[in-house]
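What you see below is based on every heavy atom in this structure, not just the backbone, and it leaves out hydrogens, waters and symmetry mates. Please read these numbers as outputs of a predicted model, since none were measured by experiment. Numbering of ligands and ligand atoms starts at 1, following listing order.
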Amino acid sequence: MFHSEIIGSGMYVPPGIITNHDLSKMMETSHDWIVQRSGIEERRWVTPDMVTTDLALHACEEAIKNAGIDKQEIDCLLFATISPDHDFPGSGCFLQPKLGLTGIPAIDVRQQCSGFVYAMSMADAFIKSGQYKTILIVGAEVHSKGLDKTTRGRDTAVLFGDGAGAIVMRRKEVKDPAKDSFIYSTHLFAEGQGAKDLWLEAPGMALGAERMNHEMIDAGKHYAYMNGKRVFTNAIRRMCECTLLALETNKLKLEDIDLFLFHQANMRINQMVAQELKIPEDKVFNTIQKYGNTTAATIPIGMAEAVKAGKLKKGSLVASAAFGSGFTWASSIFRW
Ligand code: UT7
């Protein structure tokens, strides 16, 4: 049977740094509140001329370069995002020509903060089935254009940032399962009962005849709503559960893992997961201080940054887990 291996990673964040102090000039908030409640010190925002596929393009180019492949070898493109350039077609279709590719399938994955791990799972299944051999996966978000930057929206506006991360996954013939680099497992979950605990209501076909009207805009229904406490407690519970399940499936112990790459929604969530699972702090790689929550881009940004920081090396055994809107959650164990 075929397996799949990650052969290159890349990332891109826009240069515009927005500090907590910058936000406190737009809304009633403070650096101390944001750091204490979330661990975030700054995030990146795009300029108005930039769109999600622009960020994705830079991340993909770096991933392709680091993978050492000719981009024409890519036979499938998976794009995880909740901030598409347009409602339709999917962002993969806008990215494909920017990458100079044509003909290959371009599939959007709509699983929010779990989107990248979902896309890795799909790529792994495509490769194992023999359908595709070299898959480019990108997670990219432009949140800054969709945030309510007034005091009304401060509970979410301070958390999210813009960015992109990408990897190339390729077919691998595994000779030594204990040493070779490949994706050991992926586990995917959803619980739609929590859909409205973190959602963007409008525009929507469910909203009568119009999809969107002035009253909805006045009420801020075109901004994300989040039941922060419910999301917070579920994130801890589900990320612990799916990490333990991944370990158990692979008959691994926590000590066998070299690096934990968790979704970055709130530093306190990751600290509590680490505490609950008894993971030493230096094995958890966090980027939230610098970038905030970049949703589908978070996990691949973490991969690319961990490589650059020398924390993720050839042969490292990695456990990754994410939780987000849907509710959706997912985990993966892979050897880098
Ligand atoms: O990617 C997955 C999705 N996201 C998450 O996983 C995020 C999950 N949730 C969270 O991270 C946390 O719930 C938040 C960071 C959003 C909020 O932290 P909290 O400790 O749950 O705060 P809270 O919602 O209980 O709010 C405490 C107070 C409130 O004031 P009152 O009612 O006590 O007077 C809020 O109005 O803090 C106020 N508040 C703020 N104050 C300053 C809310 N947002 C802000 C803010 N600045 N930005």
Checklist entry - Can the ring centroids of Phe182 and Tyr184 be said to lie less than 6.0 angstrom from one another? => result yes
Item to check | Aromatic contact, Phe94 with His86 (centres under 6.0 Å) | outcome: yes
Checklist entry - Taking the side chain as C-beta and beyond, is there a heavy-atom pair between Ile183 and Ile127 under 4.5 Å? => result no
Checklist entry - Taking the side chain as C-beta and beyond, is there a heavy-atom pair between Met120 and Phe334 under 4.5 Å? => result yes
Which of the numbered atoms in ligand 1 are under 4.0 angstrom from any heavy atom belonging to [X]?
X: Ile269; value: 6 (O)
X: His263; value: 1 (O)
X: Asp155; value: 16 (C), 44 (N)
X: Val158; value: 48 (N)

May I ask which of [options] has a heavy atom nearer to [atom] than the others do?
atom: atom 24 (O) of ligand 1; options: Gln112, Arg230, Lys229; answer: Lys229
atom: atom 19 (P) of ligand 1; options: Met226, Arg37, Arg154; answer: Arg37
atom: atom 9 (N) of ligand 1; options: Gly228, Ala265, Ala224; answer: Gly228

Item to check | Contact bool for atom 29 (C) of ligand 1 (protein heavy atom, d < 4.0 Å) | outcome: no
Checklist entry - Got a protein heavy atom sitting under 4.0 Å from atom 34 (O) of ligand 1? => result no
Next on the checklist: Would Arg171 pass as a cation-pi partner of Phe2, given that its NZ or CZ must be under 6.0 Å from the six-membered ring centre and within 45 degrees of the axis?
Outcome noted: yes
Checklist entry - Do we get Lys145 above Trp45's six-membered ring, with its NZ or CZ under 6.0 Å from the centre and within 45° of the axis? => result no
Checklist outcome for this item: Between Ile34 and the options Leu159, Asn20, Thr19, the side chain to side chain contact (heavy atoms under 4.5 Å, CB included) test singles out Asn20
Checking contacts here: is it the side chain or the backbone of [X] that comes within 4.0 Å of ligand 1, counting heavy atoms only? Could be both or neither.
X: Thr156; value: neither
X: Ala235; value: neither
X: Asn293; value: side chain

Checklist entry - Which pair of heavy atoms, one from Ala235 and one from Ile269, lies closest together, and at what distance? => result CB-CD1, 3.9 Å
Next on the checklist: Can you give me the closest heavy-atom contact between Trp336 and Ser181, atom names plus distance?
Outcome noted: O-OG, 2.7 Å
Give the residue, atom name and distance (to 0.1 Å) of the protein heavy atom nearest [atom].
atom: atom 47 (N) of ligand 1; value: Thr29 OG1, 2.6 Å
atom: atom 18 (O) of ligand 1; value: Arg268 NH2, 3.8 Å
atom: atom 14 (C) of ligand 1; value: Asn266 ND2, 4.6 Å
atom: atom 44 (N) of ligand 1; value: Trp33 CH2, 3.3 Å
atom: atom 5 (C) of ligand 1; value: Val231 CG1, 3.5 Å
atom: atom 3 (C) of ligand 1; value: Leu198 CD2, 3.4 Å

Item to check | Distance in Å, Met169 CE paired with Leu136 CG, rounded so as to fall on 0.5 Å steps | outcome: 11.5 Å
Checklist entry - Does a salt bridge link Glu5 with Lys314, judged by any charged N lying under 4.0 Å from a carboxylate O? => result yes
Next on the checklist: Taking distance alone, with N or O pairs closer than 3.5 Å, would you say Ser30 contacts ligand 1?
Outcome noted: no
Checklist entry - Are any of the N or O atoms of Ser38 closer than 3.5 Å to those of ligand 1? => result no
Next on the checklist: Counting neighbours of CZ on Arg110 that are heavy atoms of other residues, nucleotides or ligands and sit closer than 6.0 Å, is the number greater than 12?
Outcome noted: no
